[in-house]
Amino acid sequence: MTVTIGFAVASSVSFIVTVVAATMLTAIYHPAAPKFMAAVTASQPRAIMSLGFTVGSLSLLASLGCSGWTRSRAIGWITSSAALAGAALIISMTVQVR
């Protein structure tokens, strides 16, 4: 139960950080942005947004995967399998190999 709560907290924090980074990017790229925003580089907020979204998504899936084990072993296997399948899809979409 504690692991599930920990993953849920990590997911929530990651998604909040992602929203802040996305808002920063919106402010940086807006045509009517103040002049000092033009000097701000967009690479850091973009990296934070990407990392936050990936960590948040994987933490949420880990929380869902662990939650089934509190009910029964059969449901634990089902929720863990679904979470692993979702994690594999998220990683395949977010990781770029060059």
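Throughout, numbering of the chain's residues begins at 1 and tracks the sequence.
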In Å and rounded to the nearest 0.5 Å, what is the [atom1] to [atom2] distance from [X] to [Y]?
| X | Y | atom1 | atom2 | value |
| --- | --- | --- | --- | --- |
| Arg71 | Thr79 | CZ | OG1 | 12.5 Å |
| Ser11 | Leu64 | OG | CG | 8.5 Å |
| Ser63 | Leu58 | OG | CG | 12.5 Å |
| Leu61 | Ile91 | CG | CD1 | 9.5 Å |

Taking [X] for its side chain and [Y] for its backbone only, find out whether a donor-acceptor pair lies under 3.5 Å.
| X | Y | value |
| --- | --- | --- |
| Ser92 | Leu89 | yes |
| Ser59 | Val55 | yes |
| Thr54 | Leu51 | no |

How close do [X] and [Y] get, heavy atom to heavy atom, and via which atoms?
| X | Y | answer |
| --- | --- | --- |
| Pro45 | Ala21 | O-CB, 3.4 Å |
| Ser14 | Gly52 | CB-O, 3.2 Å |
| Phe15 | Gly56 | CZ-C, 3.5 Å |

note = For Thr18, the side chain to side chain contact (heavy atoms under 4.5 Å, CB included) test, sequence neighbours excluded, returns Met49, Phe53
Contact list for residues 67-96, test ring pair (Phe, Tyr, Trp, His ring centres under 6.0 Å), sequence neighbours left out = Trp69-Trp77
